[in-house]
Amino acid sequence: MTGWYAERTTDRSAKAMFAVTLLALLLVAAVPVALLAAVVMMMLGYVVGGLALFGGSVLAAAVAVALAGMTGIRHLRKLLTGDSFRVVRLDGSQYTDVAEPEGSDYTNVVQLDHSEYTAVH
């Protein structure tokens with residue numbers, strides 16, 4: 001049970017990725033609110049302050065989205081190159097023990113036995 005729990009918990013880089021992504025989502029969601037506040041400020045005469053508020057919110061959201069993207073790419077590369085996620089590529093010679101369905105027009109179809117899959121309702 002301890003090994004299973006250790007495999008299921010997220011590491012620090014995954015937690016950081018989730019935090020940066022959540023921050024980016026919050027900042028992107030705050031851009032329309034900042035636009036509304038900037039319009040109100042400009043109507044009250046604070047044009048430069050309104051433009052600065054809106055420009056700053058867009059800039060902060062763009063930086064957060066870029067940082068979340070870089071963190072996500074780094075985490076994905078770590079998953080693909082690490083031991084926790086293995087990708088095995090099969091060539092045509094490794095399918096020789098599987099019989100093709102008879103009368104099928106498709107050459108790469110593998111027919112599964114009922115014990116090899118679960119029904120989806």
Side-chain angles (χ1 to χ4, degrees):
M1 184 75 174
T2 306
W4 177 82
Y5 183 74
E7 290 176 7
R8 298 286 294 172
T9 58
T10 56
D11 57 347
R12 286 187 184 185
S13 66
K15 289 180 183 178
M17 184 190 67
F18 291 140
V20 171
T21 304
L22 183 63
L23 177 68
L25 287 172
L26 290 174
L27 287 175
V28 167
V31 168
V33 176
L35 176 63
L36 181 64
V39 168
V40 169
M41 284 179 67
M42 286 189 270
M43 287 173 51
L44 293 175
Y46 300 103
V47 176
V48 176
L51 290 174
L53 174 68
F54 181 64
S57 68
V58 170
L59 183 64
V63 168
V65 167
L67 185 63
M70 290 186 328
T71 306
I73 293 293
R74 185 179 327 135
H75 185 71
L76 181 63
R77 284 184 182 162
K78 181 181 173 187
L79 281 176
L80 291 177
T81 60
D83 293 332
S84 62
F85 184 74
R86 294 184 183 166
V87 177
V88 178
R89 296 191 179 187
L90 302 176
D91 59 357
S93 65
Q94 294 170 324
Y95 293 114
T96 56
D97 61 336
V98 179
E100 293 290 330
E102 296 173 8
S104 175
D105 293 336
Y106 302 103
T107 57
N108 293 328
V109 174
V110 177
Q111 190 171 6
L112 298 176
D113 187 20
H114 286 291
S115 64
E116 295 175 337
Y117 64 91
T118 58
V120 178
H121 298 281

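Side chains are part of it too, since the values below use all heavy atoms of this structure and drop only hydrogens, waters and symmetry mates.
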Give me the other members of the hydrophobic cluster that [X] sits in, counting Ile, Leu, Val, Met, Phe, Trp and Tyr linked by side-chain heavy atoms under 4.5 Å, directly or via other members.
| X | answer |
| --- | --- |
| Leu36 | none |
| Ile73 | none |
| Met43 | Val31, Leu35, Val39, Phe54, Val58 |
| Leu44 | Val40, Met41, Tyr46, Leu53 |

List the atom pairs, donor and acceptor, that lie under 3.5 Å between side-chain atoms in residues 20-27 and the rest of the protein, sequence neighbours left out.
from: Thr21; atom 1: OG1; to: Met17; atom 2: O; distance (Å): 2.7

Query raised in the report: Sequence neighbours excluded, which residues qualify as side-chain contact (heavy atoms from CB on, under 4.5 Å) partners of Leu51?
Result: Met42, Val47
Query raised in the report: How close do Ala34 and Ser57 get, heavy atom to heavy atom, and via which atoms?
Result: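 Smallest interatomic distance, heavy atoms only, reads CB-OG, 3.3 Å.
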